[in-house]
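One-based numbering, in listed order, for ligands and for the atoms of each. Reckoned from all heavy atoms, side chains included, excluding hydrogens, waters and symmetry mates.
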Amino acid sequence: MGKLANQIAVVTGGATGIGRATAALFAKEGATVLVADIKKEDMTDLVNDITSGGGSAEAFEVDVTDDKNIQRFADHIKETYGKIDVLFNNAGIDQEGGKVHEYPVELFDSIQKTDLRGTFLMSKFLIPLMLENGKGAIVNNASMSGSFADLDRSGYNAAKGGIINFTKATAIDYGRQGIRANSVSPGTIETPLIDELAGSEEEDQGKEFRESNKWLAPLGRLGVPEEIAKTVLFLVSDDSSYITGQDLIVDGGLTAYTWPGKMVMDNSWKETTE
Ligand code: NAI
């Protein structure tokens, strides 16, 4: 029997990247997966893949910035499934905006609105279904950029740092009700978000970005969505039954450095595992 047999699991931002890989893994582990995203076509394709492989999934066009939309989604889950066991708050956007004094207010607001406020809204409207069920497990997708900073990306750093501490708040609010909440903090993972941020693998800038990330990660490569999916599965399954309020960084060791001193001096940082 799968680790999530007979469970109802919601994955936001499930149409592509990390969310898509996690939705597929949850379904493989026996969950009925409710995929929520603003990209309808990509979700239809994912749901077909899952159901044709014998799994169970349904797609919902949900915008995590829209509380009325989320309320309708919660109502539908209650009427159709009666409960929710797992919530993966994964939907997120990222964009460079320049140094703090140059950073556009609208960009700052839109990143908070999707990444941080979206995580709050989904939790606010779906936790009641976990409370009725008497248990639940939440994972919020933060980032290594939530504990450490990136040049020109203060909006994203603020939102992801907020998610890590919001997760702790959720954990202490609901521990007595059998609901656990943890965050996962990916390093650089090969997804469409990286194409948008840095350029695709075919473009010079995208190639350079990937190379420097490989050099900097002690494991010598970028991560893949399936590696984050496996971590999320661990955090929502009984395998982590005594873990709550924690942030788990999955970055190939990148944030383990104080600074990559000797490696820079003898140029060994250019040795990769790929
Ligand atoms: P992605 O761009 O492939 O997937 C993000 C998904 O979120 C997309 O399907 C998009 O349509 C959806 N989305 C965006 N705004 C939405 C909204 N308002 N309502 C509902 N859905 C919405 O990106 P990726 O890389 O899979 O990222 C997933 C999460 O992982 C994000 O929160 C991101 O910040 C985080 N992350 C990603 C890293 C990476 O290197 N790829 C590193 C650290 C964190």
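- Considering CD1 of I243 and CZ of F234, their distance stands at 4.0 Å, rounded to 0.5 Å.
- Heavy-atom proximity to G17, at under 4.0 Å, picks out these atoms of ligand 1: 3 (O), 26 (O).
- Polar contact check, I189 against ligand 1: a nitrogen or oxygen pair lies under 3.5 Å apart.
- For the pairing with S183, the side-chain hydrogen bond (donor to acceptor under 3.5 Å, both in side chains) check across D247, N141, T119, N140 returns one residue only, D247.
- By the 3.5 Å distance cut-off applied to N or O atoms, T191 is counted among the residues near ligand 1.
- Each of the atoms 33 (C), 34 (O), 35 (C), 36 (N), 43 (C), 44 (C) of ligand 1 lies under 4.0 Å from some heavy atom of Y156.
- Among all non-hydrogen protein atoms, the one lying nearest atom 2 (O) of ligand 1 is L193 CB, 3.7 Å.
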If you apply the rule side chain to side chain contact (heavy atoms under 4.5 Å, CB included), what do you find for I18 with T191, and how did you get there?
CA-CA 7 Å; I18 294 169; T191 70; 4.0 Å; yes

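- In terms of polar-atom proximity, defined here as any N/O pair under 3.5 Å, T16 does make such a contact with ligand 1.
- Within the listing of ligand 1, atoms 40 (O) sit less than 4.0 angstrom from a heavy atom of T188.
- Exactly one residue among V11, V10, L235 makes a side chain to side chain contact (heavy atoms under 4.5 Å, CB included) with F88. That residue is V11.
- Considering backbone and side-chain atoms alike, V64 places an N or O below 3.5 Å from some N or O of ligand 1.
- Atom 30 (O) of ligand 1 has its closest protein heavy atom at N141 ND2, 2.9 Å.
- Which of V224, L121, D37 comes nearest to atom 10 (C) of ligand 1 through a heavy atom is settled by distance: it is D37.
- Where the criterion is an N or O separation shorter than 3.5 Å, residue side chain and backbone included, T114 fails it with respect to ligand 1.
- Of the protein's non-hydrogen atoms, the one nearest atom 28 (C) of ligand 1 is N90 OD1, 3.2 Å.
- Separation of atoms CZ (F120) and OG1 (T170) is listed at 9.5 Å; rounding is to 0.5 Å.
- Of all atoms in ligand 1, numbered sequentially from 1 with element shown, those under 4.0 Å from a heavy atom of D63 are 17 (C), 18 (N), 19 (N).
- At under 3.5 Å, not a single nitrogen or oxygen of I194, backbone or side chain, sits near a nitrogen or oxygen of ligand 1.
- Dense packing is recorded around CG of D266, with more than 12 heavy atoms of other residues, nucleotides or ligands lying under 6.0 Å away.
- Residue contacts with ligand 1: S143 is placed with no nitrogen or oxygen under 3.5 Å of a nitrogen or oxygen of the ligand (distance criterion only).
- Of all atoms in ligand 1, listed by their number and element, those nearer than 4.0 Å to a heavy atom of I18 are 26 (O), 30 (O), 37 (C).
- Residue V62 approaches ligand 1 through these ligand atoms, each under 4.0 Å from one of its heavy atoms: 19 (N), 20 (C).
- Checked against a 3.5 angstrom limit, the closest N/O atoms of D115 and ligand 1 fall outside it.
- Note that CD1 of I8 and CE of M130 are 11.5 Å apart. Values are rounded to the nearest 0.5 Å.
- Protein heavy atom in closest approach to atom 42 (C) of ligand 1: G187 O, 2.9 Å.
- At a cut-off of 3.5 Å, with distance as the only test, a side-chain donor of S200 or E203 sits close to an acceptor on the other residue.
- L193 pairs with exactly one of I93, T188, D94, T16 by the side chain to side chain contact (heavy atoms under 4.5 Å, CB included) rule, that one being D94.
- When only interatomic distances are considered, the shortest N/O to N/O separation between T65 and ligand 1 does not fall below 3.5 Å.
- Ligand 1 does not have S185 within reach: every non-hydrogen atom of the residue lies 4.0 Å or more from it.
- A pairwise comparison of heavy atoms in A181 and A171 identifies O-CB, 3.7 Å as the closest pair.
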